[in-house]
Every structure is written in C-alpha cells, then in structure tokens.
Amino acid sequence: MSNKKSLFYGLGSGMIAGAVLLQLMLAAPSSGTLTPEGLGETQPGTAAETMTPERLKEAASVYYQVYEKDVKVYLQPQVEELIGQRLAEEKKKQEAAAPVKEIYIYVQSGLALWQVSDMLVQSGLIADKKAFEDEMRKRQLTGSIIAGAHEFKGPQTLDQIITGLTVK
C-alpha cells in the first residue's frame with residue numbers, strides 16, 4: 001500500500017481541484033455581451049438582441065470584417081477564375097471584331113524553296129525563314145510547291161502554310 005500512496009494523493013488532489021473549478025464556473029456570472037456604450041466591454045444584463053443593428057455592426061467590426069447581407073464576397077480562387085473568364089470573353093470579342101487579314105502569294109513555276117520562303121517572310125506569313133525551309137526539307141516537299149496564286153486568311157501556323165502551298 002505504501003507504494004501506491006503517491007497515486008492516491010494525486011487522484012485526491014485532482015478531484016479536489018476539479019470540484020473547486022466546477023464551483024467557480026457555476027458561481028461566475030453568465031457571459032456578458034457587448035454594451036451599447038463601449039465596444040469591447042461586457043455587461044451581464046445586456047443581450048445582443050437588444051442592440052441596434054448599427055451598434056451590433058460596429059461591435060462586430062472590431063474583430064471581424066462585416067458586410068451587408070446582399071454583398072457577394074469572393075475568395076481569391078473565385079476572383080482569378082472570374083478574371084480569366086472575362087479575359088477570354090474580351091479576347092473573343094476582339095478576335096471577332098478584328099478584320100481578317102488576307103494575304104495572296106503568287107508562286108511562279110520554277111522558283112526555288114529559298115525564293116518562296118523569302119516571299120513568305122516579306123508578306124509577313126512566317127518570321128523564321130530557316131524553320132520553314134527545314135520543315136519543307138524534313139517532309140521532303142521541296143519540289144512539291146504548286147505554282148499559282150495561294151490565299152492565306154488570318155494568322156497561319158507553319159503546318160497550314162505548308163499545306164496551303166503543296167495541296168491544291
């Protein structure tokens with residue numbers, strides 16, 4: 001029994017401390033609410049329901065951001081998504097409103113690949129002459145350019161330009 005003496009002292013002390021704390025909680029007045037006069041002070045008899053909406057809003061704005069009921073509040077991911085949607089809509093509007101640029105190229109029979117690529121660079125269809133020539137050689141289409149007029153509407157990719165020059 002002597003070796004459990006400290007265990008019983010600890011249990012007894014804990015029970016006494018718990019009982020004292022319980023009595024203190026029951027004896028303490030109920031939690032007060034904010035007073036209409038001073039923000040942050042409590043008064044036991046004042047309830048939040050008796051405060052005017054303006055005073056309640058003022059009291060809550062000390063610790064929180066307060067918004068009207070009809071105000072929509074967005075989180076950062078929602079804001080970014082909405083901005084992305086608006087940007088996409090504006091981009092579509094600008095693309096639809098912008099006139100389509102038409103470019104006509106006349107390729108004479110017997111022109112070499114470098115001459116055709118020079119015409120494409122001068123007309124603004126391609127920016128890199130070497131990339132166009134390398135792609136034509138890679139696809140083995142250097143001799144497949146069709147002579148005649150070729151029409152290109154709007155911005156074109158390299159694949160579309162090659163197809164437009166080699167397919168009738």
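FYI, side chains are in, hydrogens and waters are out, and symmetry mates aren't considered; it's all heavy atoms of this structure. Just so we're clear, the structure is a prediction, and the values are computed from it rather than from any experiment.
Ion pairing between a basic and an acidic side chain is recognised when a charged N comes within 4.0 Å of a carboxylate O; Lys57 and Glu68 show such pairing. With respect to Asp134 and Lys130, a salt bridge is recorded, a charged nitrogen being found less than 4.0 Å from a carboxylate O.
In this structure Val79 satisfies the side-chain contact (heavy atoms from CB on, under 4.5 Å) test together with Tyr74, Ile83, sequence neighbours excluded. Applying the salt bridge (charged side-chain N to carboxylate O under 4.0 Å, His left out) criterion to Lys72, with sequence neighbours excluded, gives no partner residue. The side-chain contact (heavy atoms from CB on, under 4.5 Å) test applied to Glu102 returns Tyr104, Glu151, Lys153, not counting sequence neighbours. Considering only residues two or more places apart in sequence or on other chains, Tyr64 meets the side-chain contact (heavy atoms from CB on, under 4.5 Å) condition with none of them. Applying the salt bridge (charged side-chain N to carboxylate O under 4.0 Å, His left out) rule to Glu90 yields the partners Lys93; only residues at least two apart in sequence or on another chain are considered. Listed by chain and residue number, Arg139 satisfy the salt bridge (charged side-chain N to carboxylate O under 4.0 Å, His left out) test with Asp159 (two or more places apart in sequence, or in another chain). For the side-chain contact (heavy atoms from CB on, under 4.5 Å) test, residues two or more places apart in sequence or in another chain that qualify with Leu7 are Leu11.
Residue Gln85 places its CD atom among more than 12 non-hydrogen atoms of other residues, nucleotides or ligands, all under 6.0 Å distant.
Counting Ile, Leu, Val, Met, Phe, Trp and Tyr side chains that sit under 4.5 Å apart, directly or through other members, Trp114 stands alone, with no cluster partners. Side-chain heavy-atom separations under 4.5 angstrom define the hydrophobic clusters, and Tyr9 shares its cluster with no other residue. The hydrophobic cluster containing Val73 also includes Tyr67, Val71, under a criterion of side-chain heavy atoms closer than 4.5 Å among ILVMFWY residues, counted directly or through chains of members. Leu158 forms part of a hydrophobic cluster together with Ile103, Ile105, Val107, Leu111, Leu113, Val116, Met119, Leu120, Val121, Leu125, Ile126, Phe132, Met136, Leu141, Ile145, Phe152, Ile161, Ile162, Leu165, judged by ILVMFWY side-chain heavy-atom separations under 4.5 Å.
Scanning all heavy atoms of the two residues, the minimum distance from Ala131 to Asp128 falls at CB-OD2, 3.3 Å. Of all heavy-atom pairs between Gln160 and Pro155, the closest is OE1-O, 4.1 Å. When all heavy atoms of Ala59 and Met51 are compared, the closest pair comes out as CB-CE, 4.4 Å.
Panel note: side chain Gln23, backbone Val20; no donor-acceptor pair is recorded below 3.5 Å.
The salt bridge (charged side-chain N to carboxylate O under 4.0 Å, His left out) contacts involving residues 74-88 comprise nothing, where partners must be two or more places apart or lie in separate chains.
Here CD of Glu135 is found 13.5 Å from OG of Ser117. Values are rounded to the nearest 0.5 Å.
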